[in-house]
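Shown next, in C-alpha coordinates, is the structure this report addresses.
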Protein chains: 2
Amino acid sequence: MSRERNGGTPLAERTSAAKGLADRLRRVGQRVTPQRLVILGTLSPGAHLSADDVFARVETHLPGVNRSTVYRTLELFGDLGLISVTDLGGGARVFELIDEPHHHLICHRCGAILELDDALVDPLRVAIRARYGFVPAVDHLALFGFCAACATATNG
Amino acid sequence: MSRERNGGTPLAERTSAAKGLADRLRRVGQRVTPQRLVILGTLSPGAHLSADDVFARVETHLPGVNRSTVYRTLELFGDLGLISVTDLGGGARVFELIDEPHHHLICHRCGAILELDDALVDPLRVAIRARYGFVPAVDHLALFGFCAACATATNG
DNA sequence: CCGATAGATGCAAACTATCGCATCTGCATG
DNA sequence: CATGCAGATGCGATAGTTTGCATCTATCGG
Ligand SMILES: [Zn+2]
Ligand SMILES: [Zn+2]
Ligand SMILES: [Zn+2]
Ligand SMILES: [Zn+2]
(Lines give C-alpha, C1' and ligand atoms only; values in the text may rest on other atoms or scores of the structure.)
(Ligands and ions follow the chains in the order given, each with its own letter.)
Protein backbone atom coordinates (compact mmCIF):
# COMPACT_ATOMS: atom_id res chain seq x y z
CA MET A 1 0.00 0.00 0.00
CA SER A 2 2.98 2.34 0.40
CA ARG A 3 3.12 2.75 -3.40
CA GLU A 4 -0.55 3.93 -3.51
CA ARG A 5 0.14 7.54 -2.63
CA ASN A 6 0.37 8.86 -6.17
CA GLY A 7 1.19 12.52 -5.86
CA GLY A 8 -1.22 13.46 -3.07
CA THR A 9 -4.41 12.80 -5.02
CA PRO A 10 -6.72 10.91 -2.66
CA LEU A 11 -7.76 7.44 -3.78
CA ALA A 12 -11.48 8.00 -4.21
CA GLU A 13 -10.98 11.13 -6.26
CA ARG A 14 -9.76 9.48 -9.46
CA THR A 15 -13.02 9.45 -11.43
CA SER A 16 -14.41 12.33 -13.48
CA ALA A 17 -17.53 12.72 -11.35
CA ALA A 18 -15.55 12.63 -8.14
CA LYS A 19 -12.98 15.03 -9.56
CA GLY A 20 -15.75 17.44 -10.48
CA LEU A 21 -17.20 17.25 -7.00
CA ALA A 22 -13.81 17.66 -5.36
CA ASP A 23 -13.17 20.83 -7.34
CA ARG A 24 -16.62 22.13 -6.61
CA LEU A 25 -16.32 21.52 -2.89
CA ARG A 26 -12.93 23.20 -2.69
CA ARG A 27 -14.23 26.16 -4.67
CA VAL A 28 -16.88 26.86 -2.02
CA GLY A 29 -14.48 26.27 0.84
CA GLN A 30 -15.71 22.78 1.72
CA ARG A 31 -13.39 19.90 2.49
CA VAL A 32 -13.08 16.86 0.30
CA THR A 33 -13.53 13.65 2.29
CA PRO A 34 -13.90 10.00 1.27
CA GLN A 35 -17.39 9.95 2.77
CA ARG A 36 -18.54 12.87 0.65
CA LEU A 37 -17.15 11.37 -2.54
CA VAL A 38 -18.73 7.97 -1.93
CA ILE A 39 -22.07 9.46 -0.93
CA LEU A 40 -22.15 11.47 -4.11
CA GLY A 41 -21.23 8.37 -6.07
CA THR A 42 -24.34 6.55 -4.91
CA LEU A 43 -26.65 9.25 -6.23
CA SER A 44 -27.74 9.63 -9.82
CA PRO A 45 -30.21 11.66 -11.84
CA GLY A 46 -33.54 9.87 -12.14
CA ALA A 47 -33.18 7.72 -9.01
CA HIS A 48 -35.25 8.57 -5.94
CA LEU A 49 -33.11 7.34 -3.04
CA SER A 50 -33.99 7.63 0.64
CA ALA A 51 -31.33 8.46 3.20
CA ASP A 52 -31.43 4.83 4.24
CA ASP A 53 -30.93 3.65 0.65
CA VAL A 54 -27.90 5.92 0.41
CA PHE A 55 -26.58 4.74 3.77
CA ALA A 56 -26.90 1.08 2.74
CA ARG A 57 -25.00 1.63 -0.50
CA VAL A 58 -22.33 3.78 1.07
CA GLU A 59 -21.76 1.23 3.80
CA THR A 60 -20.66 -1.41 1.30
CA HIS A 61 -17.88 0.88 0.07
CA LEU A 62 -17.02 2.53 3.38
CA PRO A 63 -17.75 0.14 6.27
CA GLY A 64 -18.19 2.03 9.52
CA VAL A 65 -19.62 5.17 7.99
CA ASN A 66 -22.25 6.73 10.23
CA ARG A 67 -25.85 7.57 9.47
CA SER A 68 -25.35 11.10 10.83
CA THR A 69 -22.62 11.68 8.30
CA VAL A 70 -24.92 10.56 5.50
CA TYR A 71 -27.67 12.90 6.68
CA ARG A 72 -25.29 15.81 7.18
CA THR A 73 -23.67 15.29 3.81
CA LEU A 74 -26.98 15.00 2.00
CA GLU A 75 -28.07 18.25 3.63
CA LEU A 76 -24.80 19.89 2.58
CA PHE A 77 -25.20 18.73 -1.01
CA GLY A 78 -28.77 19.99 -0.97
CA ASP A 79 -27.65 23.40 0.26
CA LEU A 80 -24.93 23.48 -2.39
CA GLY A 81 -27.54 22.78 -5.04
CA LEU A 82 -25.96 19.48 -6.08
CA ILE A 83 -28.94 17.33 -5.21
CA SER A 84 -32.68 17.74 -4.75
CA VAL A 85 -34.42 16.84 -1.50
CA THR A 86 -38.09 16.01 -1.84
CA ASP A 87 -40.93 14.71 0.28
CA LEU A 88 -43.01 12.61 -2.08
CA GLY A 89 -45.31 11.55 0.75
CA GLY A 90 -43.74 8.11 1.02
CA GLY A 91 -42.59 8.45 4.63
CA ALA A 92 -38.97 9.34 3.95
CA ARG A 93 -37.58 12.18 1.86
CA VAL A 94 -35.87 11.22 -1.37
CA PHE A 95 -32.57 12.53 -2.72
CA GLU A 96 -31.55 12.78 -6.35
CA LEU A 97 -28.57 14.11 -8.26
CA ILE A 98 -29.67 17.18 -10.17
CA ASP A 99 -29.54 17.05 -13.93
CA GLU A 100 -32.61 18.12 -15.88
CA PRO A 101 -35.32 19.49 -13.60
CA HIS A 102 -38.41 17.31 -13.33
CA HIS A 103 -41.41 17.43 -11.01
CA HIS A 104 -44.24 15.32 -9.67
CA LEU A 105 -47.96 15.68 -9.08
CA ILE A 106 -49.21 13.46 -6.26
CA CYS A 107 -52.84 12.58 -5.65
CA HIS A 108 -53.95 12.97 -2.03
CA ARG A 109 -56.69 10.39 -2.53
CA CYS A 110 -55.34 7.54 -4.66
CA GLY A 111 -51.62 8.22 -4.31
CA ALA A 112 -51.01 8.32 -8.05
CA ILE A 113 -47.83 10.12 -9.07
CA LEU A 114 -47.69 11.95 -12.42
CA GLU A 115 -44.71 13.72 -13.88
CA LEU A 116 -44.98 17.47 -14.32
CA ASP A 117 -43.26 19.16 -17.27
CA ASP A 118 -40.67 21.72 -16.15
CA ALA A 119 -41.86 23.99 -18.95
CA LEU A 120 -44.93 24.74 -16.81
CA VAL A 121 -42.78 25.51 -13.79
CA ASP A 122 -40.17 27.69 -15.45
CA PRO A 123 -42.38 30.80 -15.70
CA LEU A 124 -42.76 30.72 -11.93
CA ARG A 125 -39.00 30.54 -11.51
CA VAL A 126 -38.56 33.49 -13.83
CA ALA A 127 -41.32 35.52 -12.19
CA ILE A 128 -39.90 34.98 -8.70
CA ARG A 129 -36.47 36.02 -9.83
CA ALA A 130 -37.83 39.12 -11.55
CA ARG A 131 -40.02 40.20 -8.65
CA TYR A 132 -37.87 39.39 -5.63
CA GLY A 133 -34.31 38.82 -6.88
CA PHE A 134 -34.63 35.46 -5.15
CA VAL A 135 -33.13 32.60 -7.13
CA PRO A 136 -35.30 29.57 -6.48
CA ALA A 137 -33.82 26.08 -6.76
CA VAL A 138 -36.90 24.29 -7.99
CA ASP A 139 -35.36 21.24 -9.59
CA HIS A 140 -37.67 18.60 -8.18
CA LEU A 141 -41.02 19.88 -7.02
CA ALA A 142 -43.68 17.68 -5.42
CA LEU A 143 -47.16 19.17 -5.69
CA PHE A 144 -50.08 17.49 -3.97
CA GLY A 145 -53.69 17.66 -5.08
CA PHE A 146 -56.25 15.46 -6.80
CA CYS A 147 -55.81 13.64 -10.09
CA ALA A 148 -58.44 14.05 -12.77
CA ALA A 149 -60.27 10.89 -11.74
CA CYS A 150 -60.28 11.64 -8.02
CA ALA A 151 -61.15 15.31 -8.52
CA THR A 152 -64.43 14.42 -10.22
CA ALA A 153 -65.09 11.59 -7.75
CA THR A 154 -64.66 13.97 -4.84
CA ASN A 155 -66.91 16.70 -6.19
CA GLY A 156 -69.69 14.57 -7.64
CA MET B 1 -75.31 15.82 32.82
CA SER B 2 -78.14 13.45 31.94
CA ARG B 3 -79.95 16.41 30.36
CA GLU B 4 -76.95 17.08 28.08
CA ARG B 5 -77.94 14.71 25.32
CA ASN B 6 -79.80 17.23 23.20
CA GLY B 7 -81.11 15.29 20.23
CA GLY B 8 -78.01 13.21 19.57
CA THR B 9 -75.81 16.14 18.63
CA PRO B 10 -72.40 15.52 20.22
CA LEU B 11 -71.20 18.09 22.69
CA ALA B 12 -68.20 19.42 20.76
CA GLU B 13 -70.17 19.92 17.60
CA ARG B 14 -72.15 22.96 18.69
CA THR B 15 -70.01 25.70 17.13
CA SER B 16 -70.27 26.88 13.55
CA ALA B 17 -66.73 25.85 12.62
CA ALA B 18 -67.18 22.44 14.21
CA LYS B 19 -70.57 22.04 12.58
CA GLY B 20 -69.04 22.79 9.19
CA LEU B 21 -66.31 20.26 9.76
CA ALA B 22 -68.75 17.64 10.98
CA ASP B 23 -70.84 18.02 7.85
CA ARG B 24 -67.79 17.94 5.65
CA LEU B 25 -66.42 14.80 7.26
CA ARG B 26 -69.74 12.99 6.97
CA ARG B 27 -70.07 14.03 3.35
CA VAL B 28 -66.82 12.25 2.48
CA GLY B 29 -67.66 9.24 4.59
CA GLN B 30 -65.42 10.09 7.53
CA ARG B 31 -66.50 9.76 11.13
CA VAL B 32 -66.97 12.73 13.42
CA THR B 33 -65.05 12.30 16.68
CA PRO B 34 -64.31 14.66 19.57
CA GLN B 35 -60.58 14.39 18.79
CA ARG B 36 -61.09 15.55 15.21
CA LEU B 37 -63.24 18.48 16.22
CA VAL B 38 -60.83 19.68 18.88
CA ILE B 39 -57.80 19.26 16.64
CA LEU B 40 -59.44 21.36 13.97
CA GLY B 41 -60.34 23.94 16.60
CA THR B 42 -56.69 24.50 17.45
CA LEU B 43 -55.76 25.37 13.88
CA SER B 44 -56.29 28.74 12.25
CA PRO B 45 -55.33 30.53 9.05
CA GLY B 46 -52.09 32.43 9.41
CA ALA B 47 -50.64 30.34 12.25
CA HIS B 48 -47.80 27.95 11.55
CA LEU B 49 -48.29 25.20 14.15
CA SER B 50 -46.12 22.12 14.53
CA ALA B 51 -47.67 18.77 15.35
CA ASP B 52 -46.36 19.21 18.85
CA ASP B 53 -47.95 22.65 19.18
CA VAL B 54 -51.25 21.13 18.13
CA PHE B 55 -50.81 18.23 20.53
CA ALA B 56 -50.11 20.56 23.45
CA ARG B 57 -53.20 22.65 22.78
CA VAL B 58 -55.45 19.67 22.17
CA GLU B 59 -54.29 18.03 25.37
CA THR B 60 -55.65 20.87 27.48
CA HIS B 61 -59.13 20.29 26.07
CA LEU B 62 -58.96 16.51 25.76
CA PRO B 63 -56.62 15.07 28.40
CA GLY B 64 -55.38 11.65 27.40
CA VAL B 65 -55.43 12.27 23.68
CA ASN B 66 -52.57 10.51 21.94
CA ARG B 67 -49.86 11.95 19.71
CA SER B 68 -50.57 9.32 17.07
CA THR B 69 -54.14 10.50 16.85
CA VAL B 70 -52.96 14.06 16.31
CA TYR B 71 -50.59 12.98 13.56
CA ARG B 72 -53.16 10.74 11.90
CA THR B 73 -55.83 13.42 12.07
CA LEU B 74 -53.54 16.11 10.68
CA GLU B 75 -52.70 13.81 7.80
CA LEU B 76 -56.38 13.17 7.21
CA PHE B 77 -57.18 16.88 7.20
CA GLY B 78 -54.30 17.44 4.81
CA ASP B 79 -55.60 14.78 2.45
CA LEU B 80 -59.09 16.27 2.65
CA GLY B 81 -57.64 19.63 1.67
CA LEU B 82 -58.69 21.30 4.93
CA ILE B 83 -55.19 22.21 6.05
CA SER B 84 -51.78 22.76 4.48
CA VAL B 85 -48.74 20.73 5.52
CA THR B 86 -45.41 22.41 4.89
CA ASP B 87 -41.75 21.81 5.58
CA LEU B 88 -40.27 25.26 6.13
CA GLY B 89 -36.89 23.78 6.96
CA GLY B 90 -37.31 24.39 10.68
CA GLY B 91 -37.09 20.77 11.81
CA ALA B 92 -40.79 20.05 12.10
CA ARG B 93 -43.49 20.43 9.48
CA VAL B 94 -46.08 23.12 10.11
CA PHE B 95 -49.85 22.85 9.76
CA GLU B 96 -52.26 25.64 8.96
CA LEU B 97 -55.97 25.97 8.33
CA ILE B 98 -56.45 26.89 4.69
CA ASP B 99 -57.95 30.26 3.89
CA GLU B 100 -56.17 32.56 1.46
CA PRO B 101 -53.18 30.86 -0.19
CA HIS B 102 -49.79 32.24 0.77
CA HIS B 103 -46.27 31.00 0.14
CA HIS B 104 -42.68 31.32 1.32
CA LEU B 105 -39.23 31.66 -0.23
CA ILE B 106 -36.49 30.27 2.00
CA CYS B 107 -32.78 30.98 1.59
CA HIS B 108 -30.55 27.90 1.76
CA ARG B 109 -27.62 29.99 2.92
CA CYS B 110 -28.85 32.61 5.41
CA GLY B 111 -32.22 31.08 6.29
CA ALA B 112 -34.17 34.23 5.43
CA ILE B 113 -37.87 33.66 4.76
CA LEU B 114 -39.73 35.94 2.33
CA GLU B 115 -43.40 35.77 1.49
CA LEU B 116 -44.30 34.88 -2.09
CA ASP B 117 -47.35 36.47 -3.70
CA ASP B 118 -49.91 33.86 -4.76
CA ALA B 119 -50.49 35.85 -7.93
CA LEU B 120 -47.17 34.49 -9.20
CA VAL B 121 -48.19 30.94 -8.33
CA ASP B 122 -51.68 30.96 -9.75
CA PRO B 123 -50.63 30.64 -13.40
CA LEU B 124 -48.87 27.39 -12.51
CA ARG B 125 -52.03 26.10 -10.87
CA VAL B 126 -54.06 26.99 -13.93
CA ALA B 127 -51.52 25.51 -16.35
CA ILE B 128 -51.35 22.21 -14.46
CA ARG B 129 -55.10 21.93 -14.43
CA ALA B 130 -55.33 22.71 -18.12
CA ARG B 131 -52.59 20.31 -19.16
CA TYR B 132 -53.19 17.34 -16.87
CA GLY B 133 -56.69 17.70 -15.41
CA PHE B 134 -54.87 17.45 -12.07
CA VAL B 135 -56.22 19.87 -9.46
CA PRO B 136 -53.24 20.97 -7.40
CA ALA B 137 -53.73 22.06 -3.80
CA VAL B 138 -50.95 24.61 -3.64
CA ASP B 139 -52.13 26.69 -0.73
CA HIS B 140 -48.86 27.01 1.15
CA LEU B 141 -45.76 26.45 -0.93
CA ALA B 142 -42.22 26.53 0.46
CA LEU B 143 -39.60 27.14 -2.21
CA PHE B 144 -35.92 26.96 -1.34
CA GLY B 145 -33.15 28.85 -3.11
CA PHE B 146 -30.93 31.86 -2.55
CA CYS B 147 -32.05 35.32 -1.60
CA ALA B 148 -30.80 38.28 -3.62
CA ALA B 149 -27.94 38.99 -1.22
CA CYS B 150 -26.76 35.39 -0.96
CA ALA B 151 -27.15 34.72 -4.67
CA THR B 152 -24.64 37.45 -5.54
CA ALA B 153 -22.35 36.45 -2.65
CA THR B 154 -22.28 32.85 -3.89
CA ASN B 155 -21.52 33.69 -7.51
CA GLY B 156 -19.04 36.52 -6.97
C1' DC C 1 -83.05 2.51 22.00
C1' DC C 2 -79.99 -1.85 21.22
C1' DG C 3 -76.59 -4.62 18.96
C1' DA C 4 -73.34 -5.29 15.17
C1' DT C 5 -69.43 -3.65 12.82
C1' DA C 6 -66.23 -0.79 10.22
C1' DG C 7 -63.23 2.25 11.48
C1' DA C 8 -60.89 5.55 15.06
C1' DT C 9 -58.06 5.75 19.12
C1' DG C 10 -54.47 4.51 22.62
C1' DC C 11 -50.27 2.39 23.29
C1' DA C 12 -45.73 0.83 22.45
C1' DA C 13 -42.28 -0.06 19.30
C1' DA C 14 -40.05 1.08 15.03
C1' DC C 15 -38.53 4.27 11.89
C1' DT C 16 -36.74 8.92 10.28
C1' DA C 17 -33.97 12.87 11.27
C1' DT C 18 -31.20 16.09 14.14
C1' DC C 19 -27.85 17.53 17.68
C1' DG C 20 -23.89 17.95 21.19
C1' DC C 21 -19.62 16.59 22.06
C1' DA C 22 -15.15 14.07 21.84
C1' DT C 23 -12.06 12.51 18.44
C1' DC C 24 -10.05 12.44 14.05
C1' DT C 25 -8.45 14.47 9.58
C1' DG C 26 -8.05 17.54 5.35
C1' DC C 27 -5.50 21.16 4.31
C1' DA C 28 -2.55 25.10 4.90
C1' DT C 29 1.85 26.62 6.49
C1' DG C 30 6.73 26.57 7.12
C1' DC D 1 7.56 16.08 5.49
C1' DA D 2 6.09 17.72 10.32
C1' DT D 3 2.82 20.67 12.74
C1' DG D 4 -1.56 23.14 13.94
C1' DC D 5 -6.20 23.98 13.60
C1' DA D 6 -10.80 24.55 11.62
C1' DG D 7 -13.94 21.65 10.49
C1' DA D 8 -15.73 16.69 9.47
C1' DT D 9 -16.87 12.30 11.45
C1' DG D 10 -18.45 8.80 14.88
C1' DC D 11 -21.33 8.06 18.55
C1' DG D 12 -25.00 8.29 21.64
C1' DA D 13 -28.91 10.92 22.95
C1' DT D 14 -32.98 13.21 21.58
C1' DA D 15 -36.61 14.96 18.66
C1' DG D 16 -40.04 14.09 15.09
C1' DT D 17 -43.09 10.74 12.72
C1' DT D 18 -45.18 6.37 11.41
C1' DT D 19 -47.04 1.72 12.16
C1' DG D 20 -49.16 -2.76 14.10
C1' DC D 21 -52.29 -4.30 17.05
C1' DA D 22 -55.80 -4.52 20.80
C1' DT D 23 -59.56 -1.87 22.40
C1' DC D 24 -63.12 1.36 22.03
C1' DT D 25 -66.84 3.95 19.61
C1' DA D 26 -69.52 6.48 15.83
C1' DT D 27 -72.75 5.07 12.86
C1' DC D 28 -76.20 2.16 10.86
C1' DG D 29 -80.05 -1.28 10.75
C1' DG D 30 -83.51 -3.26 13.24
ZN1 LIG E 1 -38.51 12.60 -9.47
ZN1 LIG F 1 -56.23 10.17 -7.53
ZN1 LIG G 1 -47.04 30.56 5.87
ZN1 LIG H 1 -29.81 34.42 1.99
Side-chain angles (χ1 to χ4, degrees), chain A residues 2 5 7-13 18 21-23 25-40 49-56 58-59 62-80 85-95, chain B residues 2 5 7-13 18 21-23 25-40 48-56 58-59 62-80 85-95 111:
Chain A
S2 55
R5 37 185 57 233
T9 304
L11 178 95
E13 202 171 321
L21 174 67
D23 289 345
L25 285 174
R26 291 204 184 89
R27 219 177 306 133
V28 295
Q30 296 289 336
R31 290 190 185 169
V32 177
T33 69
Q35 288 89 340
R36 290 177 176 182
L37 296 176
V38 173
I39 289 169
L40 182 86
L49 294 188
S50 69
D52 199 62
D53 293 335
V54 174
F55 174 71
V58 170
E59 210 182 15
L62 272 180
V65 71
N66 194 272
R67 258 172 226 280
S68 304
T69 302
V70 172
Y71 277 104
R72 279 187 289 233
T73 303
L74 289 172
E75 188 186 348
L76 172 70
F77 288 173
D79 287 348
L80 292 179
V85 184
T86 316
D87 178 5
L88 293 175
R93 289 174 303 170
V94 297
F95 303 86
Chain B
S2 56
R5 38 182 60 234
T9 305
L11 178 94
E13 201 171 321
L21 173 67
D23 289 345
L25 285 174
R26 292 206 182 88
R27 218 178 306 132
V28 295
Q30 297 288 337
R31 290 191 186 170
V32 178
T33 69
Q35 288 88 340
R36 290 178 176 181
L37 296 176
V38 173
I39 289 169
L40 181 87
H48 292 166
L49 294 188
S50 69
D52 200 60
D53 293 334
V54 174
F55 174 70
V58 170
E59 210 182 15
L62 273 180
V65 71
N66 195 270
R67 275 194 156 71
S68 304
T69 302
V70 171
Y71 277 103
R72 279 187 289 232
T73 303
L74 289 173
E75 187 185 348
L76 172 70
F77 288 173
D79 287 347
L80 293 179
V85 184
T86 316
D87 178 5
L88 293 176
R93 290 173 303 169
V94 297
F95 303 86

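Below, read A as the first sequence line, B as the second, and so on, with proteins coming before strands; counting in each chain starts at 1. Since the structure is predicted, the reported quantities are computational estimates derived from the model, not experimental observations.
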Next on the checklist: Going by the rule side chain to side chain donor-acceptor pair (under 3.5 Å), which residues pair with B:D87 if we only count those two or more places apart in sequence or in a different chain?
Outcome noted: none
Item to check | Upstream residue (5' side of DNA chain D) when B:F95 and B:Q35 are each assigned their closest nucleotide | outcome: B:F95
Checklist outcome for this item: Contact check, residues 68-77 of chain A vs DNA chain C, heavy-atom distance under 4.0 Å, returns A:S68, A:Y71, A:R72
Checklist entry - Rounding to a whole Å, what distance do you find between B:L37:CG and D:dA26:P? => result 11 Å
Checklist outcome for this item: Quick note, A:R26 side chain, CB onward, closest among C:dC27, C:dA8, D:dT27 is C:dC27
Checklist entry - Counting only side-chain N and O atoms of B:R67, is one of them less than 4.0 Å from OP1 or OP2 of D:dT17? => result no
Checklist entry - When the distance from CG of A:N66 to P of C:dC24 is rounded to whole Å, what number comes out? => result 15 Å
Donor-acceptor contacts under 3.5 Å from residues 68-77 of chain A side chains, at least two apart:
residue : atom : partner : partner atom : Å
A:S68   : OG   : A:N66   : OD1          : 3.1
A:T73   : OG1  : A:T69   : O            : 2.7

Checklist entry - Just wondering, do B:S50 and B:D53 contact through their side chains at under 4.5 Å, heavy atoms? => result yes
Next on the checklist: Could you tell me how far apart B:L49 (CG) and D:dG16 (P) are, to the nearest whole angstrom?
Outcome noted: 14 Å
Item to check | Phosphate OP1/OP2 of D:dT17 contacted by B:R93 side-chain N/O (<4.0 Å) | outcome: yes
Next on the checklist: Expressed as a whole number of angstroms, how long is the span from B:F55:CZ to D:dT18:C1'?
Outcome noted: 16 Å
Next on the checklist: Can you tell me if B:R31 touches the phosphate of D:dC24, counting only side-chain N or O atoms and a distance under 4.0 Å to OP1 or OP2?
Outcome noted: no
Checklist entry - Taking atom P of D:dT27 as reference, at what distance in whole Å does atom CZ of B:R27 sit? => result 14 Å
Checklist entry - Short question: side chain of B:R26, backbone of B:V32 - any donor-acceptor pair under 3.5 Å? => result no
Next on the checklist: Please report the distance, rounded to the nearest Å, between CG in B:D79 and P in C:dG7.
Outcome noted: 16 Å
Checklist entry - Tell me: CG of B:D52 to C1' of C:dT16, nearest whole Å? => result 16 Å
Item to check | Listed nucleotide nearest any side-chain atom of A:R36, set D:dT9, C:dG10, C:dT9 | outcome: D:dT9
Item to check | Heavy-atom closest pair, residues B:R36 and B:L21 | outcome: O-CD2, 3.8 Å
Item to check | side chain to side chain contact (heavy atoms under 4.5 Å, CB included) between B:L80 and B:L25, intermediate numbers included | outcome: CA-CA 9 Å; B:L80 293 179; B:L25 285 174; 3.7 Å; yes
Item to check | Value in whole Å for how far the P atom of D:dT9 lies from CD1 of A:I39 | outcome: 7 Å
Checklist entry - Any donor and acceptor pair, going by atom type alone, linking the side chain of A:R67 with main-chain N or O of A:F55 inside 3.5 Å? => result no
Checklist entry - Quick one: is C:dG26 close enough that its OP1 or OP2 comes under 4.0 Å of any side-chain N or O from A:Q30? => result no
Checklist entry - The side chain of B:A51 lies closest to which of these nucleotides: D:dA26, C:dG26, D:dT17? => result D:dT17
